[in-house]
Amino acid sequence: MTVTYSGKVAHMKKLIPLLLSVAMILTLAACAGKKDDIGFSDQTRKAVTDFVTLYGKNSPNYQENSYVVSDFDNTTSIFDITYQAIVYQLEHMAFAMDAHELETALAVGLDLNADQNADWIADITTAYSHLWDTYGPFTAAGVDEETQKAMQADPWWMEFATKMRAFLYHVEDTTPEEVNYAWILYWFTGMTQDEVYDLFYRSCSEKETVESEWITWTSPKEIESLLGVIECAFQNGVSVTQDVKDMFTTFHDNGIDVWICSASHLDGVRAAVDAFGLSDCVTGVIGMTQTMENGVYAPSYDYENGYAWDNLGGGNWQPSQYPIHALPGMEGKVTAVENALVPRYGCGPLAGFMDSSGDFNFCTEFDSMRFVICYNRANRKITEGAGLIAVLSVYQKDTLGYDLASANAAGDTYYVLQGRNENGLRTMRPSNETIRFGEKKPQLFANKDNEKLLQYAIKNSMSTSDFLNTFAIATPADDPSNLLGIDYGHLETYRGYHSVSADSSAELQPAA
């Protein structure tokens, strides 16, 4: 029997520079959108322009401590840099562990008496031992081209690569986020910071030029194993669009710092910033932090000594003085920003950029948040944070009639839903609808439940605050308090919309 894994499933003297910066973004956006189906939507372009006008360095509202925070995977980039890096790692056998060390790393955080985890690890390490004896020892640099060709023709490589890649899906499906978010880091055990950076840099550089594609690996039936034949399908290709680069550059040029806060490996995010040409506009990064022992990474998460990193430019980085003390996903992203950025700036972020439940908390809880772009994955249900934001974005635009200024005047964050085309070399679309990978028709919502929630909000004239505070908590359809008769929400607890007042010191005065 073959088991298939395919995953779960950002006065005239003063006015002239301002006009120039606004003209720059409009010109760049227009260039990016020469084809009818490419580029930011008019709503997004207007919101970015309005944001710079209201809060950039030439505005009387400008604060010198202004910054924005963007997620990376499927937000700054289209698709996921870690998913691409581990495929690259498997293709090149870029590992810094022997079989025993791999076995130890894969078991961290998992119950070996449940979910066939012990069988998965046994099959993987058996195949890895065969490959190590034949083509190893392996290093973080990977094998040479000749060895790679011979190795990939060997059934033992397909046995290892398929089950290793599928095991990630398995771990994601069977463990809570705090386990599986950290677990993927342990593939990089034994590597130095520079080696992880180099691995991600090579992967991003290679995968950026790959058109979106499905790849399917199948473990060989002729190899006897505990699990039998496993089939694993995954996406290939990852990139950052010119629209996002131009937006970040516009923020930077208008005195607004740009930070990345990602649930990918810190060194991988640093590498992606450099590989995708963002180093001139990104101030620094927050990422997942792995414990280091004797100069190399160990298979554990570092909650104590993991720092935000400052971008010095030209591929040069250094740790900041602020540890994050968090796993930067969901509530942990709020904690990471509170620990690493609020002490630095004395306030919370002005804008956020998101795509998933992992970004929901930081994009809704900070009362400093004026503007959020939610990149539409078109598969986010109302049992997911981004599914709620997708509905709220449409509601704010079409029912409340918000633009950035009116939303902010009402005390609200302005949420914008930005569509994209996930096919080919991946682009933004001038729409809030997305063409999903492998599809041809644009799609606004995941399903009819999103539309039902939208109609409820319209009928009940809900405020943004009421909407988020009501629907963020996971509420089954049969719960007596359920308002829709369908499942909604995704959090067990929620501090609430605009609940975090992140002023660690006296507010800075407006810039002269």
Side-chain angles (χ1 to χ4, degrees), residues 10-64 66-70 75-76 240-259 278 280-283 349-354 363 368-376 389 392-394 396-398 400-420 427-433 510-511:
H11 299 83
M12 189 56 67
K13 212 176 236 187
K14 290 185 176 181
L15 187 58
I16 290 173
L18 174 61
L19 291 174
L20 288 174
S21 66
V22 171
M24 181 181 79
I25 191 168
L26 291 175
T27 301
L28 290 170
C31 290
K34 282 182 180 177
K35 288 179 64 178
D36 291 341
D37 58 348
I38 293 177
F40 275 156
S41 69
D42 289 344
Q43 183 189 11
T44 301
R45 289 191 292 113
K46 182 180 185 304
V48 171
T49 302
D50 290 350
F51 181 75
V52 169
T53 302
L54 285 171
Y55 301 110
K57 65 182 181 182
N58 297 298
S59 167
N61 301 315
Y62 177 62
Q63 301 282 333
E64 291 181 335
S66 298
Y67 68 101
V68 302
V69 177
S70 180
T75 299
T76 301
V240 174
T241 66
Q242 190 62 47
D243 310 87
V244 170
K245 295 178 187 179
D246 293 342
M247 179 176 68
F248 284 178
T249 298
T250 299
F251 293 156
H252 175 271
D253 291 348
N254 281 273
I256 301 169
D257 285 353
V258 178
W259 277 84
L278 299 170
D280 289 339
C281 55
V282 169
T283 306
L350 274 180
F353 306 89
M354 64 173 291
C363 283
S368 58
M369 195 71 71
R370 299 292 182 260
F371 169 44
V372 168
I373 295 177
C374 179
Y375 293 93
N376 192 3
I389 297 300
L392 177 59
S393 302
V394 173
Q396 282 194 341
K397 175 178 177 288
D398 294 343
L400 298 182
Y402 276 171
D403 60 7
L404 180 70
S406 59
N408 291 179
D412 278 330
T413 302
Y414 181 45
Y415 294 94
V416 173
L417 188 63
Q418 172 59 52
R420 63 191 200 179
T427 63
M428 296 299 165
R429 299 185 67 245
S431 170
N432 58 3
E433 296 180 320

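All residue numbers refer to positions in the sequence shown, counting from 1.
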(request) Give a yes or no on whether the ring-centroid distance for Y414 and F51 is below 6.0 angstrom. (result)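 No; F51 has its ring centre 6.0 Å or more from that of Y414.
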
Donor-acceptor check, side chain of [X] to backbone of [Y], threshold 3.5 angstrom: yes or no?
X    : Y    : result
K397 : Y415 : no
S59  : G56  : no
Y62  : N254 : no
Q418 : S41  : yes

Kindly compute the distance separating [atom1] ([X]) from [atom2] ([Y]), expressed to the nearest 0.5 Å.
X    : Y    : atom1 : atom2 : answer
S393 : L417 : OG    : CG    : 5.0 Å
R370 : T413 : CZ    : OG1   : 7.5 Å
L404 : Q396 : CG    : CD    : 10.5 Å
D243 : I373 : CG    : CD1   : 10.0 Å
L350 : F251 : CG    : CZ    : 10.0 Å
S431 : D42  : OG    : CG    : 10.5 Å

Closest approach of [X] to [Y] (non-hydrogen atoms, all atoms of both residues):
X    : Y    : value
T241 : T427 : CG2-CA, 4.0 Å
S368 : P349 : OG-O, 2.7 Å
P430 : D37  : CD-C, 3.5 Å
V244 : T76  : CG1-O, 3.9 Å
G255 : K57  : N-CD, 4.1 Å

Can you find a pair of side-chain heavy atoms, one from [X] and one from [Y], that are under 4.5 Å apart?
X    : Y    : result
L278 : V258 : no
F371 : M369 : no
D412 : Y402 : yes
N376 : R429 : no

(message) Quiz question: by atom type and distance under 3.5 Å, do the side chains of S70 and T75 form a donor-acceptor pair?
(response)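 There is no such pair between these side chains.
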
(request) State, without any angle test, whether T249 and D246 hold a side-chain donor-acceptor pair at a distance under 3.5 Å. (result)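 No, no side-chain donor-acceptor pair sits under 3.5 Å.
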
(request) Taking atom CG of D280 as the centre, report whether more than 12 heavy atoms of other residues, nucleotides or ligands fall under 6.0 Å from it. (result)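 No.
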
